[in-house]
Amino acid sequence: MAAKLSLSAADLARIDDSLTGTDALLESNYPGDDGSRQPVHTVYVPADKFTPTLAADWGNEALSLANDHGGLERLGSLLGQDRELAAAVAPRVAAKLAAEPIEDLRLDFEDGYGNRGDEAEDAAAITAARAVNTAVEQGTAPPFIGIRFKCFEAPTRARGIRTLDLFVSTLVETGGLPDGLILTLPKVTTVDQVRAMDFAVSRLEQIHGLAAGRLRFEVQVETPQLILSHDGTSPVARLAHEIPGRISALHYGTYDYSASLEISAEYQSMEHPVADFAKEVMQLAVAGTGIRLSDGSTNVIPMGDGVESAWALHGRLVRRSLERGYYQGWDLHAAQLPSRFSATYAFYRQGLPASAVRLRNYVEQTPGAVMDEPATARALANFVLRGVVCGAVGADEVAALTGIDIPQLSALAHPRLAQTVSK
């Protein structure tokens with residue numbers, strides 16, 4: 001017996017016509033994650049302190065400090081890892097500190113550099129660009145590298161733009177732009193400042209013959225005005241849609257944001273309620289847009305008599321961020337690298353067995369205790385894939401546990417991207 005439909009082809013056409021704008025919006029403004037690598041951290045150093053050997057120097061310093069305090073397995077126990085987990089994590093952290101101790105490096109011309117006058121900063125911007133290209137040529141540069149320049153508020157705007165111009169222009173003239181170039185716009189308060197940044201980098205692309213969109217940038221969320229404006233709206237929610245495709249990430253600024261809300265210094269923290277609120281708004285604002293998120297930093301540095309307590313604090317905060325969907329954070333000192341990688345690797349290794357079972361059951365359509373939907377399968381695949389990319393788990397481990405190779409895992413994690421590639 002043939003099914004009898006009540007709605008006509010004309011009715012369907014009318015519905016399609018009414019949703020043309022929605023379809024276009026979802027296609028252009030909500031492309032989802034692009035599947036490229038996201039670093040687990042961003043390291044900030046004063047711009048004039050960068051040398052081509054800085055990453056290796058930090059790795060050596062971090063490993064030496066860990067060894068001075070009983071080794072990386074003992075560090076794992078300080079972070080709450082059991083003996084088996086600590087034994088699995090430690091050699092991977094050691095290898096990471098030897099091979100790639102910094103994943104993302106920002107040469108800082110803002111708070112970490114200060115105001116030293118135009119002549120000194122001009123020279124530093126040019127020197128920094130040349131040093132970055134030297135590091136790239138020598139193979140010592142982190143995979144992601146760039147600068148944070150001064151903000152676009154009136155007192156520092158011209159200086160910030162000048163440093164941005166000098167740095168980018170010198171890169172182009174002395175070797176080209178690194179593949180992992182990242183630019184950071186700090187202390188944003190309004191959408192207009194982000195539009196101004198879009199204009200600045202668009203003009204640099206035109207002047208230097210770069211492809212449109214080559215110069216993407218991060219926005220630092222450090223002011224309450226970006227979360228809630230004078231008219232009761234949330235400017236941060238507009239950013240992705242004002243300049244689609246231009247913003248690469250939102251980074252939470254722990255201390256500027258907390259201080260703006262009159263939180264006393266003793267209680268300024270990545271886990272203060274005001275921080276959690278801002279970061280939840282940020283998550284909502286960029287969901288589905290492809291813009292990534294980074295948590296901030298802790299300024300409690302593992303030094304002197306407080307090394308182990310600072311490691312425990314940092315490791316707990318790293319884990320907390322990961323559990324809340326913030327897969328990146330800031331590190332301010334070489335001594336924070338061991339706890340960053342140890343906590344991160346433990347997070348992925350602990351979660352792998354259960355995630356692998358659920359992925360295998362989903363792919364093989366095997367009934368299990370948890371009935372996962374496609375959206376959850378994407379999250380599971382993305383979790384496992386992040387663990388592989390950062391070095392926490394091996395592709396061979398994943399294949400053995402899930403029966404899925406990395407291309408299949410990537411297709412599960414980013415199905416829209418996989419469909420585009422297959423066409």
**Report entry** Test item: Q336 side-chain N/O and L332 main-chain N/O as donor-acceptor pair under 3.5 Å
**Finding:** yes
Query raised in the report: What are the two closest non-hydrogen atoms of A343 and G315, and how far apart are they?
Result: CB-O, 3.6 Å
Query raised in the report: OG of S342 to CG of L337: how many Å apart, nearest 0.5 Å?
Result: 12.0 Å
Requested in this report: Show the numbers, then the answer: is there a side-chain hydrogen bond (donor to acceptor under 3.5 Å, both in side chains) between S8 and D11?
Outcome: CA-CA 5 Å; S8 67; D11 293 329; 3.2 Å; yes
**Report entry** E119 CD: over 12 foreign heavy atoms closer than 6.0 Å
**Finding:** no
Query raised in the report: Is the distance between the ring centroids of F277 and H272 less than 6.0 Å?
Result: no
Query raised in the report: Is it the case that more than 12 heavy atoms not belonging to E84 sit under 6.0 Å from its CD atom?
Result: no
Query - Check against side chain to side chain contact (heavy atoms under 4.5 Å, CB included), F341 and E103 - result: CA-CA 11 Å; F341 292 119; E103 293 193 0; 4.1 Å; yes
**Report entry** Student check: side-chain heavy atoms of R319 and Q350 closer than 4.5 Å
**Finding:** yes
Query raised in the report: For T184, which of E218, Q220, R148 qualifies under side-chain hydrogen bond (donor to acceptor under 3.5 Å, both in side chains)?
Result: E218
Query - Neighbour count above 12 (heavy atom, 6.0 Å) for D82 CG - result: yes
Report task. For the residue pair V132 and L171, establish whether any side-chain heavy-atom pair is separated by less than 4.5 Å. Result -> yes
Query raised in the report: Is there a donor-acceptor contact under 3.5 Å from the side chain of Y255 to the main chain of N299?
Result: yes
Query raised in the report: Hey, does the side chain of E271 reach the backbone of L317 with a donor-acceptor pair shorter than 3.5 angstrom?
Result: no
Query raised in the report: Is a donor on one side and an acceptor on the other found under 3.5 Å between the side chain of R292 and the backbone of V286?
Result: no
Query raised in the report: So, F347 versus F383, ring centres under 6.0 angstrom or not?
Result: yes
**Report entry** Side chain proximity check, V191 to R195, heavy atoms < 4.5 angstrom
**Finding:** yes
Report summary line: Value for CD (Q328) from OG1 (T344), rounded to nearest 0.5 Å, stands at 11.0 Å
Query raised in the report: Does the side chain of T163 come within less than 4.5 Å of Y113's, by heavy atoms?
Result: no
**Report entry** D122/R159 salt bridge by N-O under 4.0 Å criterion
**Finding:** yes
**Report entry** Side-chain donor or acceptor of T223 paired with backbone N/O of V188 under 3.5 Å
**Finding:** yes
Report task. Considering only NZ, NE, NH1 and NH2 on the basic side and carboxylate oxygens on the acidic side, decide whether K187 and D111 come within less than 4.0 Å. Result -> yes
Query raised in the report: With a 4.0 Å cut-off, would you call E153 and R157 a salt bridge?
Result: no
Report summary line: Here the gap from D33 atom CG to Q38 atom CD, rounded to the nearest 0.5 Å, amounts to 7.5 Å
Query - Flag, side chain of E205 to backbone of L215, donor-acceptor distance under 3.5 Å - result: yes
**Report entry** side chain to side chain contact (heavy atoms under 4.5 Å, CB included) between T376 and Y362, intermediate numbers included
**Finding:** CA-CA 10 Å; T376 303; Y362 179 82; over 6 Å; no
**Report entry** S355 (side chain) donor-acceptor with L380 (main chain) under 3.5 angstrom
**Finding:** no
Query raised in the report: In Å and rounded to the nearest 0.5 Å, what is the SG to NE2 distance from C390 to H41?
Result: 10.5 Å
Query raised in the report: Is the closest side-chain heavy-atom distance between V219 and L226 below 4.5 Å?
Result: yes
Query raised in the report: Looking at CZ of R216 and CZ of R246, how far apart are the two atoms once the value is rounded to the nearest 0.5 Å?
Result: 9.0 Å
Report task. Hey, could you give me the CD1/OG distance between I243 and S202, rounded to the nearest 0.5 Å? Result -> 8.0 Å
Query raised in the report: In this structure, are over 12 heavy atoms from other groups packed under 6.0 Å from R14 atom CZ?
Result: no
Query raised in the report: Can you name the residues that form a side chain to side chain contact (heavy atoms under 4.5 Å, CB included) with P142, not counting sequence neighbours?
Result: A55, I102, L105, I145
Requested in this report: Could you walk me through whether R106 and I182 pass the side chain to side chain contact (heavy atoms under 4.5 Å, CB included) test, one step at a time?
Outcome: CA-CA 8 Å; R106 207 68 71 251; I182 302 181; 3.6 Å; yes
Query - From CA spacing to verdict: salt bridge (Lys or Arg N to Asp or Glu O under 4.0 Å), K49, D108 - result: CA-CA 9 Å; K49 300 299 183 184; D108 192 15; over 6 Å; no
**Report entry** Flag for R324-Q283: side-chain donor and acceptor within less than 3.5 Å
**Finding:** no
Query - Verdict with reasoning, L185 to L183, per side chain to side chain contact (heavy atoms under 4.5 Å, CB included) - result: CA-CA 7 Å; L185 177 65; L183 306 170; over 6 Å; no
Query raised in the report: Under 3.5 Å, side chain of K279 to main-chain N/O of M270, donor-acceptor pair present?
Result: yes
Query - Backbone N/O of S234 and side chain of S229: donor-acceptor pair under 3.5 Å - result: no
Requested in this report: Would you mind reporting whether P52 and E137 have side-chain heavy atoms less than 4.5 Å apart?
Outcome: no
Query raised in the report: Any sub-3.5 Å donor-acceptor pair from W311's side-chain atoms to A335's backbone N or O?
Result: yes
Query - CG/D396: more than 12 non-hydrogen atoms of other groups inside 6.0 Å - result: yes
Requested in this report: Mind listing the closest non-hydrogen atom pair of G403 and Q408 along with its distance?
Outcome: O-OE1, 4.1 Å
Query raised in the report: Please walk me through it: do H241 and Y30 pass ring pair (Phe, Tyr, Trp, His ring centres under 6.0 Å)?
Result: CA-CA 9 Å; H241 312 290; Y30 294 95; 5.2 Å; yes
Query - Side chains of T174 and T170, donor plus acceptor under 3.5 Å - result: no
Requested in this report: Salt-bridge test for R349 and E397: reply yes if a basic N is under 4.0 Å from a carboxylate O, no otherwise.
Outcome: yes
Report task. Run the numbers on R116 and D48 for salt bridge (Lys or Arg N to Asp or Glu O under 4.0 Å), then give the verdict. Result -> CA-CA 11 Å; R116 308 188 192 183; D48 60 328; 2.7 Å; yes
Query raised in the report: Would D165 and R203 satisfy salt bridge (Lys or Arg N to Asp or Glu O under 4.0 Å), going step by step from the backbone distance to the final call?
Result: CA-CA 10 Å; D165 187 350; R203 286 290 297 132; over 6 Å; no
